[in-house]
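Okay, so here's the structure we're looking at.
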There are 2 protein chains.
Amino acid sequence: MKTRIRELRAKTGITQEELAQQVGVRRETIVFLEKGKYNPSLKLAYRVARTLGSTIEEVFIFEEEELA
Amino acid sequence: MKTRIRELRAKTGITQEELAQQVGVRRETIVFLEKGKYNPSLKLAYRVARTLGSTIEEVFIFEEEELA
DNA sequence: ACACAATGTTAGATATACATAACAGGTGCA
DNA sequence: TGCACCTGTTATGTATATCTAACATTGTGT
């Protein structure tokens, strides 16, 4: 899974820490998400997308093979 | 969380069992999802949405309060 | 009424998302 | 140089999504 979290954070000028607080998770969780190191719950994905002013499918990108 | 899984299943005429097989999970998992009894992983949400010919945000609906 | 398919529920086991804490490397700025 | 901030990593613990199996209920057709 790839994400545009870092890119969107840069665009809105917020840090991992700030995103974490707004989303209600720990900063480490954001680090792992940004690096695609795990597969978030749908609710968390929604929160991140909304906080970044975007949608789930724009923020979290799966390759076809990953879904098969 | 509410979902349109049942509605979209009806539209395409597939059973819980068939959806489960196509998505690669157990039927009980589909039952729980349909009833909003748990919060799926993003990857599972993607698979369900794609199998139903739709998108995550159309299939899984969160109320504002749930996200806050 | 009977048979069978579809759906619902429950209990226990396993995997993993996420929390927590602690530390390390990098960058910019005084 | 030094400090403060941002980012990355690792280890351990907890909560919960998902699996598995078994049984109950509801619906549908004949």
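So you know, we letter chains A, B, ... as the sequences are listed, proteins then strands, and number each from 1.
The CG-C1' distance, from B:Asn39 to C:dT16, rounds to 14 Å in whole Å. Per the geometry, CD belonging to B:Glu17 stands 9 Å off P belonging to C:dT7, to the nearest Å. Here the P atom of nucleotide D:dT16 and the CG atom of A:Leu44 are 14 Å apart, to the nearest Å. Rounded to whole Å, atom C1' of D:dA15 lies 13 Å from atom OH of A:Tyr38. A straight line from CD of B:Glu34 to P of C:dT9 spans 11 Å, rounded to a whole angstrom. As rounded to whole Å, 11 Å separates atom P of D:dT18 from atom NZ of B:Lys43. One atom, CD1 of A:Ile30, and another, P of D:dT7, lie 11 Å apart when rounded to the nearest Å.
The side chain of B:Phe32 has C:dT10 as its nearest neighbour among C:dT7, C:dT10, C:dT9. Closest contact between the side chain of A:Thr15 and the listed nucleotides D:dT7, D:dC19, C:dC18 involves D:dT7. The B:Lys35 side chain lies nearest to C:dG8 when the options are C:dT7, C:dG8, C:dC18. Listed candidates were C:dT7, D:dT20, D:dT18. Nearest to the side chain of B:Arg26 is D:dT20. Closest to the side chain of A:Arg6, out of D:dG8, C:dC18, D:dT18, is D:dG8. Between D:dT9, D:dC19, C:dA19, one nucleotide has an atom nearer to the side chain of B:Thr29 than all others, and that is D:dC19.
In this structure, A:Gln16 contributes its side chain and A:Val31 its backbone to no donor-acceptor pair below 3.5 Å.
Judged by closest nucleotide on DNA chain D, B:Leu33 is the one of B:Arg27 and B:Leu33 placed further toward the 5' end. Comparing B:Ser41 and B:Lys37 by the nucleotide of DNA chain C whose heavy atom lies nearest to each, the residue mapping closer to the 5' end is B:Lys37.
Ring planes of A:Phe32 and A:Tyr38: tilted class, angle from 30 to 60°.
Residue-to-nucleotide contacts include no donor-acceptor pair under 3.5 Å from the side chain of A:Glu28 to the base of C:dA17.
Annotation: the span from A:Arg4 atom CZ to A:Leu52 atom CG amounts to 12.0 Å, rounded to 0.5 Å.
The pair B:Arg50-A:Glu66 does not count as a salt bridge, with every side-chain nitrogen at least 4.0 angstrom from each carboxylate oxygen.
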